[in-house]
Protein chains: 2
Amino acid sequence: MFIELDLQSETPIYAQLVDQIVEGIASGALQPGDPLPSVRSLGEDLGINLHTVNKSYNLLKQEGFLQVHRKKGVIVQPDGMPGVTDAFEEKLRRQLRSLAAEAAVRGMTEAAFTQMSTSLYRDTITNRGGEQR
Amino acid sequence: MFIELDLQSETPIYAQLVDQIVEGIASGALQPGDPLPSVRSLGEDLGINLHTVNKSYNLLKQEGFLQVHRKKGVIVQPDGMPGVTDAFEEKLRRQLRSLAAEAAVRGMTEAAFTQMSTSLYRDTITNRGGEQR
DNA sequence: TATGTGTTATATATGTAATATAACAAATAA
DNA sequence: TTATTTGTTATATTACATATATAACACATA
């Protein structure tokens with residue numbers, strides 16, 4: 001697996017896991033229908049508890065990024081990813097506003113902020129099929 | 001004051017306060033040298049504990065956005081705002097990467113993401129002097 | 001039948017968030 | 001001088017989130 005955790009970080013482990021799985025989907029490293037490790041094996045691999053993995057999986061399931069099959073186990077959503085919901089747009093607005101404000105106060109120009117947003121977006125979707133380029 | 005708290009939010013009160021003060025500085029509503037209410041009066045105004053206000057003030061002092069004068073009380077940094085530190089750039093990268101990944105997975109285009117970043121940056125610096133336009 | 005799956009339940013330890021009360025030194029205002 | 005207000009420090013308590021540990025369950029697979 002491509003997961004790397006920082007146990008010293010202030011960001012909770014379950015949140016780091018959620019982030020990196022979403023980034024895996026964005027980059028194409030994880031394709032729709034791909035299986036994910038069981039909560040027990042991934043927990044053991046990463047040196048963390050299975051309940052921590054389970055928490056991440058459940059959040060991603062609730063958001064619609066993962067499916068849990070009684071047969072196939074946990075897989076990446078094969079029936080189309082969730083779109084831009086109101087909840088996501090609100091989260092995006094709130095966090096971008098906060099970052100933009102601090103950036104502006106610190107003297108970062110609009111061009112620099114915009115360029116950084118764009119380049120980070122591009123970085124995430126590098127190894128992808130043919131969607132939104 | 002222009003502060004509005006959401007006590008039901010998952011975002012801690014002290015963090016909401018920090019955010020809104022930084023946004024106040026970014027917008028120009030708070031100018032360098034401007035005094036802020038005492039921890040007690042602001043706490044009473046907002047219906048929260050003085051220690052919660054104190055925690056926010058201390059974080060902002062540590063970051064260099066505020067100064068504490070034994071005479072003038074708490075004021076907005078008059079000797080130049082802190083620049084783009086390594087710590088801030090890392091925080092910015094980490095959060096932007098996470099947001100961009102989820103946006104991409106949800107089908108938001110690069111243009112839409114960029115445009116949203118830019119417009120939120122512009123919104124924060126509306127009533128400002130003559131800096132970085 | 002044995003094993004592995006997600007899930008649920010319970011318990012514990014630790015840290016953070018928020019409040020409450022009290023006291024302190026330093027400065028200001030009466 | 002006296003009283004008040006400032007940020008600050010200390011202590012305690014409540015509530016919640018994080019993370020771990022162990023155990024059991026229903027279901028499916030090999």
Side-chain angles (χ1 to χ4, degrees), chain A residues 1 3-21 30 33-78 91 94 98, chain B residues 1 3-21 30 33-78 91 94 98:
Chain A
M1 281 292 273
I3 307 283
E4 280 190 20
L5 300 178
D6 177 6
L7 302 184
Q8 313 307 320
S9 168
E10 57 193 321
T11 307
I13 298 175
Y14 81 92
Q16 293 182 45
L17 232 184
V18 166
D19 273 358
Q20 296 196 30
I21 290 174
L30 288 175
D34 279 358
L36 274 86
S38 74
V39 294
R40 286 175 177 82
S41 70
L42 183 54
E44 196 157 6
D45 273 15
L46 300 177
I48 62 177
N49 195 272
L50 86 169
H51 291 110
T52 306
V53 179
N54 191 249
K55 183 172 185 174
S56 303
Y57 279 8
N58 269 319
L59 283 173
L60 289 166
K61 182 180 79 176
Q62 202 166 351
E63 295 284 337
F65 297 120
L66 298 183
Q67 267 191 11
V68 179
H69 268 68
R70 184 60 81 171
K71 305 186 59 169
K72 308 177 190 173
V74 177
I75 60 174
V76 178
Q77 179 62 256
K91 183 181 85 170
R94 190 162 28 79
S98 174
Chain B
M1 281 292 276
I3 307 283
E4 281 191 19
L5 300 179
D6 177 7
L7 301 184
Q8 313 307 319
S9 168
E10 56 193 323
T11 306
I13 300 176
Y14 80 92
Q16 293 182 45
L17 232 183
V18 165
D19 273 358
Q20 296 197 29
I21 290 174
L30 288 175
D34 278 358
L36 274 87
S38 74
V39 293
R40 286 174 178 83
S41 71
L42 183 53
E44 194 157 8
D45 273 14
L46 299 176
I48 63 178
N49 195 272
L50 87 167
H51 290 110
T52 306
V53 179
N54 191 248
K55 184 173 184 172
S56 304
Y57 279 7
N58 269 319
L59 283 173
L60 290 165
K61 182 180 77 176
Q62 202 165 352
E63 295 284 337
F65 296 119
L66 298 183
Q67 267 191 13
V68 179
H69 267 69
R70 184 59 81 173
K71 304 187 61 168
K72 307 177 190 172
V74 177
I75 61 173
V76 178
Q77 179 63 257
K91 182 181 86 171
R94 190 163 26 79
S98 173

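These numbers come from a predicted model, not from an experiment. Residue numbers begin at 1 in each chain, while the letters A, B, ... track the order of the sequences.
- For the residue pair A/Ile21 and A/Leu30, the shortest heavy atom distance occurs at O-CD1, 3.9 Å.
- Rounded to an integer number of Å, the gap from A/Glu44 CD to C/dG6 P is 14 Å.
- Counting only heavy atoms from C-beta outward, the side chains of A/Glu63 and A/Val18 never approach each other to under 4.5 Å.
- The distance between atom CG of A/Asn49 and atom P of C/dG6, rounded to the nearest whole Å, is 14 Å.
- Taking for each of A/His51 and A/Arg70 the nucleotide of DNA chain C with the nearest heavy atom, the 5'-most of the two is the partner of A/Arg70.
- Across the protein-nucleic acid pair, B/Gln16 atom CD and C/dA17 atom P stand 13 Å apart, rounded to whole Å.
- Rounded to whole angstrom, the span from the CG atom of B/Leu46 across to the P atom of C/dA18 amounts to 13 Å.
- For B/Gln20 against B/Ile3, the heavy-atom pair with the smallest separation is OE1-CA, 3.4 Å.
- Checking each of B/Asn49, B/Val53, B/Leu50, B/Asn54 against B/Arg40 for a side chain to side chain contact (heavy atoms under 4.5 Å, CB included) leaves exactly one that passes, namely B/Leu50.
- Positionally, the nearest nucleotide of DNA chain D for B/Ser38 lies more toward the 5' end than for the other of B/Ser38 and A/Lys71.
- Per the geometry, CG belonging to B/Asp6 stands 12 Å off P belonging to C/dA18, to the nearest Å.
- Looking only at side-chain heavy atoms (C-beta outward), B/Leu42 and B/Leu36 stay at 4.5 Å or farther from each other.
- Atom pair A/Leu42:CG and C/dT5:C1' shows a separation of 14 Å (rounding to whole Å applied).
- Minimum heavy-atom separation, A/Ile75 to A/His69: CD1-ND1, 4.0 Å.
- Residue B/Lys61 is classed as a sugar-phosphate contact, given heavy-atom separations below 4.0 Å to backbone atoms only.
- Mapping heavy-atom proximity under 4.0 Å, the span of DNA chain D touched by chain B runs 5' to 3' from D/dT6 to D/dA10.
- In this structure, CG of B/Asn54 is placed 14 Å from C1' of C/dA17, rounded to the nearest angstrom.
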